[in-house]
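Just below is one structure, and these are the notes that go with it.
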Amino acid sequence: MFLAAVLFIAGCVRGFAGFGAGMIFMPIATSVMLPSTAAASFLFIDGIVALPLVIRALRMCDWSTVLPAVIGAVVFVHSGAWLLANTDVLVLRWTIFAIVTGLLLLLISGWRYHGKATWPVSFGVGAVGGVLGGISQVSGPPVVAFWLSSAREPAIVRANLIVFFALASVGTFIAYILNGFFTLQVFHLLIVATPVYALAIYAGSKGFSKASPKLYRKLAYVLIALAALTSMPALDPLFR
């Protein structure tokens, strides 16, 4: 019931912002179950339930920057999955905290990427996201920070993120299958989690249609901050 409540909140945010569910669910879930089980469960749930969002976003996204970012993520997600399977969990979690916090501080400082979103730049951003996604399903902060720093309207940023996560997850699925992360426990969790997440995404999508651009960017910053705070191993006692 605890994880279902967390997943509902995460789904509402995903439907509204186009990202952020993994940032909310994963740090909390990994404090009560194996990181590999939590990551595989969330990947499967999000891949199924968020499909209607993806279909609509395909018509709005900027393919010139989304496609190279996806390729970078798909290529490097295997590195993240290998780290998840072979590296100390505590080390991984502190590393994620440092990366997410650094990106948030960069955005708050007022920094903006004024250059053109070239293929190499987009590929590099996607590669960093892919490594983080392979480790913990928290691949959002690098690409969110990259696209939010541009002058594009929130609807385009949201569409970019939705399509990026959907296509990049294909590589993650393959990496997780190769590493044996889809266990029986994962499918037990799906029975309860899928309807909860579906209802939450629907509610969040309805909210986005009525929101202002300023509200969208503020929520994005809050989500990155939340990802940083909840990924701190030092705060585990609050979630256990």
Side-chain angles (χ1 to χ4, degrees), residues 3-4 6-15 17-55 57 69-87 89 92-93 96 100 126-144 161-198 200-201 204 223 227 230-231:
L3 287 179
V6 173
L7 188 63
F8 183 82
I9 296 172
C12 287
V13 170
R14 174 79 155 98
F19 77 101
M23 297 181 191
I24 294 172
F25 179 75
M26 281 300 300
I28 297 176
T30 54
S31 70
V32 296
M33 67 173 65
L34 288 174
S36 57
T37 300
S41 299
F42 179 76
L43 176 66
F44 211 106
I45 296 165
D46 191 64
I48 295 172
V49 176
L51 189 58
L53 289 178
V54 177
I55 294 174
V70 168
I71 294 173
V74 170
V75 170
F76 281 88
V77 70
H78 300 280
S79 299
W82 183 87
L83 289 171
L84 177 61
N86 296 280
T87 308
V89 173
L92 290 177
R93 294 181 63 197
I96 293 170
V100 174
V128 176
V131 172
L132 292 183
I135 293 173
S136 66
Q137 281 298 290
V138 184
S139 60
V143 290
V144 172
L161 292 169
I162 290 173
V163 174
F164 169 81
F165 291 129
L167 296 181
S169 68
V170 174
T172 312
F173 263 109
I174 296 173
Y176 280 17
I177 290 172
L178 293 176
N179 284 276
F181 292 160
F182 291 112
T183 62
L184 186 60
Q185 185 179 3
V186 168
F187 292 99
H188 286 166
L189 289 171
L190 294 180
I191 297 174
V192 177
T194 300
V196 172
Y197 195 59
I201 281 189
L223 289 177
T230 56
S231 64

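All residue numbers in this chain count up from 1 along the given sequence.
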* Please name the pair of heavy atoms, one in Ala40 and one in Val186, separated by the smallest distance, quoted to 0.1 Å. => CB-CG2, 3.9 Å
* **Heavy-atom closest pair, residues Val6 and Phe25** => CG1-CA, 4.0 Å
* Asked: Considering residues at least two apart in sequence or located in another chain, which fulfil the side-chain contact (heavy atoms from CB on, under 4.5 Å) criterion with Leu189?
  -> Met33, Thr37, Ser41
* Asked: Among all residues two or more places apart in sequence or in another chain, which pass the ring pair (Phe, Tyr, Trp, His ring centres under 6.0 Å) test with Phe76?
  -> none
* Asked: Can you name the nearest heavy-atom pair linking Ala29 to Leu3, along with the distance?
  -> CA-CD2, 4.0 Å
* Structure fact -> Rounding to 0.5 Å, atoms CG (Leu83) and CG (Asn86) come to a distance of 8.0 Å
* **Partner of Leu53 under side chain to side chain contact (heavy atoms under 4.5 Å, CB included), chosen from Ile162, Leu161, Asp46** => Ile162
* Determine whether Phe165 and Arg14 make a side-chain contact, defined as any pair of heavy atoms from C-beta on separated by less than 4.5 Å. => yes
* Side chains of Phe181 and Leu43 in contact at under 4.5 Å (non-hydrogen atoms) -> no
* For Phe187, check ring pair (Phe, Tyr, Trp, His ring centres under 6.0 Å) against everything at least two apart and list the hits. => Phe44
* Asked: So, for Leu190 and Pro195, which heavy atoms are closest and what is the spacing to 0.1 Å?
  -> O-CD, 4.4 Å
* Residue pair Val196 / Ala4: nearest heavy atoms and the distance that separates them -> CG1-O, 3.5 Å
* Structure fact -> Nearest heavy-atom contact between Ala10 and Ala21 is O-CB, 3.4 Å
